[in-house]
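All remarks here apply to the structure that follows.
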Amino acid sequence: MPELPEVEVTRLSFAGRIAGATILGLQMGKPLRWPLGCDPAQLLGHTVLQVRRRGKYLLLDTTGGLLLIHLGMSGSLVFAADLPAPGKHDHFDMRTSAGCLRLHDPRRFGAVVYAPGEDDAGARKLLGRLGVEPLGPDFDALAFHAALQLRQTAIKQVLLAGEVVVGVGNIYASEALFMAGIRPTVRAARLSKPRAARLHAAIREVLAQAVAKGGSTLKDFSNAQGESGYFQLEARVYDRAGLPCKVCGAPIRSMRQGQRSTFFCVNCQKP
DNA sequence: CACGGATCCTGATGGC
DNA sequence: TGCCATCAGGATCCGT
């Protein structure tokens, strides 16, 4: 999926334009990860108030309730005045007075879920266990270290789980661990305070940089204006197996952790 | 209950 | 219009 930066860039690319718009039509395509959870007709006539983000979820606040949008692995949003008829991978279309919002998601791991409000059980089920926002004021190095002390799993898998800190996906997890000089296999609980602090800083840096650059290391990412990622953020380790480390020259290694690829430098990242 | 693995789905890629 | 195996940005659910 789009990781936090891609979701945030998507949000920024249409939040201002859709705010204040009236919902005129809502159409679902093939089933997504979860059902919408309401009759689409019940949202008609309501107004979109704002678009927020929590982790990798986008939250559309409307006068008729909340729409939670997740892009899964392959999802992207488009928001435009006019859109062609939905294609085979367009599974959510919302027509508004300001334009049409469309979710394109070939793999359909994404979702659009309705909830009356953020405190509703349905919303809490999706958002309730999420960790702290890495770019927000609550992401604190000492608290981060303390939370890691409770986890016996490899640090990379703790990052991906999103229960300590949200938004770090498979690419940025490898990148942040490289920047912090930490081997992805280290048990989270074994990280010292200084190392946890370095990782804390690396996560903020890599995510903030990606947002600032408008997007992405992702090959096929595009924001809701249809602009594609700029490839400005060159990965230091992700997808570079066998290539020389940009710092020390040693070949980057790859391994599997929890069915996901991990990339690291055996020289620069200490166990 | 914490952890590891299987699982959802489609498309791209590379080996044969 | 070749076929098959493998892999891909996520995260939930289930068994141990």
Taking OP1 and OP2 of B:dT10, is either one under 4.0 Å from a side-chain nitrogen or oxygen of A:Lys30? yes
Counting the atoms with a prime plus P, OP1 and OP2 as sugar-phosphate, which does A:Arg187 contact under 4.0 Å by heavy atoms, base, sugar-phosphate, or nothing? nothing
A:Phe263 CZ - C:dA8 P separation (whole Å): 6 Å
Can you tell me the distance, in whole Å, between the CG atom of A:Leu130 and the C1' atom of C:dT12? 13 Å
Could you tell me which residues satisfy ring-ring contact (aromatic ring centres under 6.0 Å, His included) with A:Phe263, sequence neighbours excluded, listed by chain and number? A:Tyr238
Taking atom C1' of B:dG11 as reference, at what distance in whole Å does atom NE2 of A:His104 sit? 10 Å
Answer yes or no: does a side-chain N or O of A:His70 lie under 4.0 Å from OP1 or OP2 of C:dA11? yes
From the list B:dG11, C:dC13, C:dC7, which nucleotide is the closest neighbour of the side chain of A:Lys125? C:dC13
A:Leu67, A:Leu49, A:Thr47, A:Val48 screened by side-chain contact (heavy atoms from CB on, under 4.5 Å) with A:Asp61, the one that passes: A:Leu49
Is the phosphate of C:dG10 approached by A:Lys56 (side-chain N or O, under 4.0 Å from OP1 or OP2)? yes
Think A:His89 has a side-chain N or O under 4.0 angstrom from the OP1 or OP2 of B:dG11? yes
What is the distance, rounded to the nearest whole Å, between atom NZ of A:Lys156 and atom P of C:dG10? 9 Å
Assess whether one donor atom and one acceptor atom, taken from the side chain of A:Arg108 and the base of B:dC9, lie less than 3.5 Å apart. no
Taken to the nearest whole Å, OH/A:Tyr238 to P/C:dC7 is 12 Å
Taking 4.0 angstrom as the limit, do A:Glu118 and A:Arg124 come out as a salt bridge? no
From CG of A:Asp105 across to P of B:dC9 the rounded distance in Å is 13 Å
What is the separation between atom CZ on A:Arg107 and atom P on B:dT10, rounded to the nearest whole Å? 10 Å
What does the list of N/O pairs under 3.5 Å between the protein and nucleotides 1-6 of chain B look like, with a distance for each?
from, atom 1, to, atom 2, distance (Å)
B:dC3, OP1, A:Gln152, N, 2.9

Residue matched to B:dC8 through Watson-Crick or wobble contacts both under 3.5 angstrom: C:dG10
